[in-house]
Amino acid sequence: MSLIEEYSQQYDWRAWPIIFDALPDLDGRLVLDLGCGIGDLAADLAARGARVIGVDMNDELITYAKERHIVNAQFRIGDLRTFRDPHIRADGIWSSFAAAYFPSPCDTIGSWLVHLRPGGWLALTEVDDLFGHQPLSNRTHELLNRYVEESLERSRYDFRMGRKLSGVLQQIGLVVTHEFTVPDAELSFSGPASPLVLEAWRTRFERMHLLREFCGSEFEHVRNNFLNCLKRDDHSCHATVRCCIASKKET
Ligand SMILES: C[S@@+](CC[C@H](N)C(=O)[O-])C[C@H]1O[C@@H](n2cnc3c(N)ncnc32)[C@H](O)[C@@H]1O
């Protein structure tokens, strides 16, 4: 399955309307979608009246997003750690499932504020504790925890970013207006996974080359143990999807 197909499928498992309903009015507003992927959220924001500029560093995803010809949405290649466009002054910034990729979130997300008008909003959505599912074997639990620590130490990905969103937004000088947990049929559910969700997790494990490298000969055990856990009637989960919305002070 390609990354485009994976991202398309994931869209249905997220509870996007809950987040959209918490945003200020979008009608006629300019919104940046940072880490826009294939443009699904840009399409939703545009359908709610916004003019959207989506930015992502993945060439293939941006090409696909452009080819959708979404009305009132344009897409650009850009690295969000260095992205600057002096001509953009947005009413809102949306960024979903991208914050965990930034090793210095205050620096990166703080740098986006030059593109936000005073009084504008910034909405971040991110998962917290992606591997937080039970019951797992002690060894799987230990390896996944060590991998999570290593990813953070090496500034690759912060698996615990969801819980940090509010702190980051406050540290960069914004006023947090909403903070909530969002249901998610793939990332945050209890009881047995549906066959489609299970397949999506299998695909995710296939894509995690660094996890495979980290676990070495134990990778198969970790993956199978995790997938078996998701199938169980007594599967429980403390992974959460968090959303935090904040506004930029008027002066
Ligand atoms: C998990 S996807 C989320 C896509 C979409 N926002 C969503 O919610 O479905 C993360 C996206 O962030 C992008 N990304 C990660 N780091 C980035 C960076 N430094 N600059 C630009 N895009 C980045 C990836 O290419 C990917 O499309």
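Here the structure is a predicted model, which is why all the values come from computation and not from measurement. For ligands, and for the atoms within them, numbers begin at 1 and follow the listed sequence.
For Pro118, the side chain to side chain contact (heavy atoms under 4.5 Å, CB included) criterion is met by Arg89, Glu250, not counting sequence neighbours. Listed by chain and residue number, Ser236, Cys237 satisfy the side chain to side chain contact (heavy atoms under 4.5 Å, CB included) test with Ser190 (two or more places apart in sequence, or in another chain). In this structure Val148 satisfies the side chain to side chain contact (heavy atoms under 4.5 Å, CB included) test together with Phe131, Phe159, Arg160, sequence neighbours excluded.
The residue from Val55, Ile53, Val52 that alone fulfils the side-chain contact (heavy atoms from CB on, under 4.5 Å) condition with Gln74 is Ile53.
With a 6.0 Å cutoff to the six-membered ring centre and a 45° limit on the axis angle, Arg212 does not count as a cation-pi contact of Phe205.
Ion pairing between a basic and an acidic side chain is recognised when a charged N comes within 4.0 Å of a carboxylate O; Arg76 and Asp85 show such pairing.
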Can you list every pair where an N/O of ligand 1 is under 3.5 Å from an N/O on the protein?
unit_1, atom_1, unit_2, atom_2, d
ligand 1, 6 (N), Gly35, O, 2.7
ligand 1, 6 (N), Ser96, O, 2.8
ligand 1, 6 (N), Ser96, OG, 3.1
ligand 1, 8 (O), Ser96, O, 3.2
ligand 1, 8 (O), Ser96, OG, 2.7
ligand 1, 19 (N), Asp79, OD1, 3.0
ligand 1, 20 (N), Leu80, N, 2.9
ligand 1, 22 (N), Met57, N, 3.2
ligand 1, 25 (O), Asp56, OD1, 2.6
ligand 1, 27 (O), Asp56, OD1, 3.4
ligand 1, 27 (O), Asp56, OD2, 2.6

